[in-house]
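This report refers to the structure that appears directly beneath it.
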Amino acid sequence: MVLNHKIQSSSSSKPYLQSYETKLYPKGSVIYTKGEKINYVYIVLNGEIESFLVKNKTINTNFILKKGSSLGLMDFILNRNYSKTMLAK
């Protein structure tokens, strides 16, 4: 289960966190993929999330996120698209 915060743009064109909702991602579900426009910042409420990159047609697991971890926060702060793919484990 992941808590996600919707990102909105204000008239000053700087994004900010507007609201939140709780969503359950079944095992094996992709939460977001590398290169997607950032729409949410996530917080893991329970379960695990796997972060990975695909290089030379090989999947490389970077790390496993657990309860209390955030997803997409650094991408949000740096105002860029998602930099990794995240998968519910």
Would you please name every residue forming a salt bridge (Lys or Arg N to Asp or Glu O under 4.0 Å) with E48, sequence neighbours left out?
K66
Those residues at least two apart in sequence (or on a different chain) that pass side chain to side chain donor-acceptor pair (under 3.5 Å) with S83 are D75
Out of curiosity, N81 CG to K37 NZ, how far, rounded to the nearest 0.5 Å?
8.5 Å
Of all heavy-atom pairs between M86 and L71, which one has the smallest distance, and what is that distance?
CG-CD2, 3.7 Å
Single-linkage hydrophobic cluster L87~I64, side-chain heavy atoms < 4.5 angstrom:
no
Contacts under 3.5 angstrom, residues 26-35 side chains, donor-acceptor by atom type, not counting sequence neighbours:
| residue | atom | partner | partner atom | Å |
| --- | --- | --- | --- | --- |
| S29 | OG | P26 | O | 2.8 |
| Y32 | OH | G72 | N | 3.2 |
| T33 | OG1 | E36 | OE2 | 2.7 |

In the hydrophobic clustering (ILVMFWY, side-chain contacts below 4.5 Å, transitive), which residues join L78, or is it alone?
M74
Using the test side chain to side chain contact (heavy atoms under 4.5 Å, CB included), find all partners of N62 that sit at least two apart in sequence or belong to another chain.
S51, L53, K84
How long is the straight-line distance from CG of L45 back to CG of L24, given to the nearest 0.5 Å?
10.0 Å
Just verifying a value: how many Å separate L65 CG and I43 CD1, rounded to the nearest 0.5 Å?
12.0 Å
How long is the straight-line distance from OH of Y42 back to CZ of F76, given to the nearest 0.5 Å?
13.5 Å
